[in-house]
Amino acid sequence: MKSILNIAAYLFVSLDGLPELRTKIQNECKARELKGTILLTGEGINLFLAGKEPELRGFLDWLRADSRFKALETKESWSEEQPFKKMLIKIKNEIIRMNHPMIRPEEGRANFITPKKLQEWLDRGTDDSGRPVVMVDTRNAFEVEYGTFENALHFNIEKFTQFPKAISAHKEALADKTLVSFCTGGIRCEKSGLYMREIGMQHSYQLEGGILKYFEEVGSAHYKGSCFVFDEREALEPTLNSIPIEHSIRKKLKAG
């Protein structure tokens, strides 16, 4: 039986007093024997945590008791072993670096589409208005190698700061398409979706909850491969189970 609960979560919300907040969260995680990574920034919080279910849910209840984190939503999966080696809490300038400070998700999100609705569109090949749908992968090239949506557009970028220039170069070619940007858990698309609208790509959406939420609610439909995750599990299949070791890209790279 898989006894370790894994959660991924983020929330764009203005935060101050970050050193004090870091200490409080560190103490709570230590007391509950949780491991993972938390990023604290002036624009919000990003979490990847794992631990025994009662302790992790207790931590989330404690965190949401702070009104700033009340709206925090999580993506969940399970594992047999703890996938993190230690607990890290870092203070950063941005939750996800894009180098476009005017893009502020807290002030208003981009249009989003639910996993179930996206499946309808992909089954049909068009949105509700009959416009062709193109999936836009905002992740880095090595992540795309593990898996992505069928016929998704990606740019072989090495870091997210390269995405704005890459998508801008395709603006005219995609003008008559409906675009759905996606990433692992949705955080990159909170910014990519706003940026695409800012440059005039009006028929653009972000996949709510990212690939992990799609796996949770839909499964493997229209998706090929697995999804890279930033812990020792390496990647998750559409069943939300970790990939078999014989299929590990890391293993193949080491062997090569």
Side-chain angles (χ1 to χ4, degrees), residues 8 10 46 75 94-100 103 105 110-115 117-119 121-123 125-127 131-216 218-230 233-238 243 247-250 252-253:
Y10 67 85
N46 190 18
K75 275 78 69 177
E94 296 180 73
I95 295 181
I96 181 71
R97 185 181 173 192
M98 192 185 197
N99 289 345
H100 282 265
I103 301 295
N111 289 350
F112 65 87
I113 183 171
T114 66
K117 189 64 176 179
L118 175 60
Q119 183 185 15
W121 284 7
L122 294 178
D123 286 345
T126 63
D127 66 9
R131 189 183 300 273
V133 175
V134 174
M135 300 298 294
V136 179
D137 199 328
T138 68
R139 299 172 301 157
N140 297 339
F142 81 90
E143 297 172 81
V144 177
E145 290 181 10
Y146 283 80
T148 189
F149 282 93
E150 295 172 354
N151 302 314
L153 177 66
H154 65 88
F155 307 111
N156 290 316
I157 58 177
E158 297 179 355
K159 50 189 177 181
F160 186 56
T161 53
Q162 297 171 339
F163 177 82
K165 182 178 180 180
I167 190 66
S168 296
H170 290 74
K171 179 181 174 181
E172 291 186 10
L174 297 171
D176 62 341
K177 307 293 194 301
T178 285
L179 310 176
V180 180
S181 63
F182 66 93
C183 56
T184 306
I187 189 168
R188 277 174 271 202
C189 293
E190 296 282 357
K191 291 190 174 183
S192 67
L194 289 174
Y195 180 80
M196 290 161 70
R197 291 269 170 168
E198 183 182 80
I199 64 173
M201 305 177 88
Q202 296 303 313
H203 303 288
S204 61
Y205 299 79
Q206 65 185 71
L207 172 58
E208 180 78 353
I211 297 169
L212 296 182
K213 181 60 71 173
Y214 187 89
F215 283 176
E216 183 180 328
V218 174
S220 62
H222 305 287
Y223 192 94
K224 290 185 177 181
S226 58
C227 177
F228 178 84
V229 289
F230 292 87
R233 292 175 296 173
E234 184 176 347
L236 299 182
E237 296 182 317
I243 60 172
H247 296 159
S248 168
I249 290 179
R250 289 178 182 168
K252 292 175 182 178
L253 289 174

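Everything numeric here is computed off the predicted structure, so don't read it as measured data.
Considering every non-hydrogen atom in both Tyr195 and Ser168, the closest pair reads OH-OG, 3.0 Å. Listed here is the closest heavy atom pair of Ile187 and Cys183: N-SG, 3.6 Å.
Within the model, atoms CG of Asp137 and CD1 of Ile157 stand 8.5 Å from one another, a figure rounded to the nearest 0.5 Å. Distance check: Asn140 CG to Phe228 CZ gives 9.5 Å after rounding to the nearest 0.5 Å. For the atom pair Arg188 CZ and Ile95 CD1, the distance stands at 13.0 Å (nearest 0.5 Å). With rounding to the nearest 0.5 angstrom, the CD atom of Glu150 is 9.0 Å from the OG atom of Ser220. Rounding to the nearest 0.5 angstrom, the gap separating the CD atom in Gln119 from the CD1 atom in Ile113 is 11.0 Å. Atom CD1 of Ile199 and atom NZ of Lys171 lie 6.0 Å apart (nearest 0.5 Å).
Two residues are said to be in side-chain contact when any heavy atoms from C-beta on lie closer than 4.5 Å; Val180 and Val133 meet this criterion. The shortest side-chain heavy-atom distance between Cys227 and Arg139 falls under the 4.5 Å cut-off. Residues Gln206 and Ser192 have side chains not in contact (no heavy-atom distance under 4.5 Å, counting atoms from C-beta outward). Under the 4.5 Å side-chain criterion, counting only non-hydrogen atoms from C-beta, Phe230 is in contact with Glu143. Residues Phe215 and Pro115 have side chains not in contact (no heavy-atom distance under 4.5 Å, counting atoms from C-beta outward). In this structure the side chain of Cys189 never reaches within 4.5 angstrom of the side chain of Leu207, judged on heavy atoms.
Under 3.5 Å, the side chains of His203 and Asp176 contain no donor-acceptor pair of N or O atoms.
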Walk me through whether Tyr146 and Glu234 qualify under side chain to side chain contact (heavy atoms under 4.5 Å, CB included).
CA-CA 10 Å; Tyr146 283 80; Glu234 184 176 347; 2.8 Å; yes
Go through the steps to decide whether Ile167 and Met201 satisfy the test side chain to side chain contact (heavy atoms under 4.5 Å, CB included), and finish with yes or no.
CA-CA 10 Å; Ile167 190 66; Met201 305 177 88; 3.9 Å; yes
In sequence, state the C-alpha distance, the side-chain angles, and the governing distance for Leu122 and Met135, and then conclude on side chain to side chain contact (heavy atoms under 4.5 Å, CB included).
CA-CA 9 Å; Leu122 294 178; Met135 300 298 294; 4.1 Å; yes
Residue pair Tyr214, Lys75: steps toward the side chain to side chain contact (heavy atoms under 4.5 Å, CB included) verdict:
CA-CA 10 Å; Tyr214 187 89; Lys75 275 78 69 177; over 6 Å; no
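Aromatic ring pairs are classed by plane angle as parallel below 30°, tilted from 30° to 60° and perpendicular above 60°; the pair Phe160 and Phe163 is parallel.
Residues meeting the side-chain contact (heavy atoms from CB on, under 4.5 Å) test with Ala175, sequence neighbours left out: none. With sequence neighbours left out, the side-chain contact (heavy atoms from CB on, under 4.5 Å) criterion links Gln202 to Arg197. Shown here are the side-chain contact (heavy atoms from CB on, under 4.5 Å) partners of Thr126, two or more places apart in sequence or in another chain: Arg124.
For Asn99, the CG atom counts as densely surrounded, since its 6.0 Å shell holds more than 12 non-hydrogen atoms of other residues, nucleotides or ligands. Annotation: Glu172, atom CD; neighbour count of heavy atoms from other residues, nucleotides and ligands within 6.0 Å does not exceed 12. Heavy-atom contacts from other residues, nucleotides or ligands closer than 6.0 Å to CZ of Arg97 number 12 or fewer.
Under a 3.5 Å cut-off, the side chain of Thr138 and the backbone N or O of Phe182 do form a donor-acceptor pair.
Checked against the 6.0 Å centroid criterion, the rings of Phe149 and Tyr223 qualify as a close aromatic pair.
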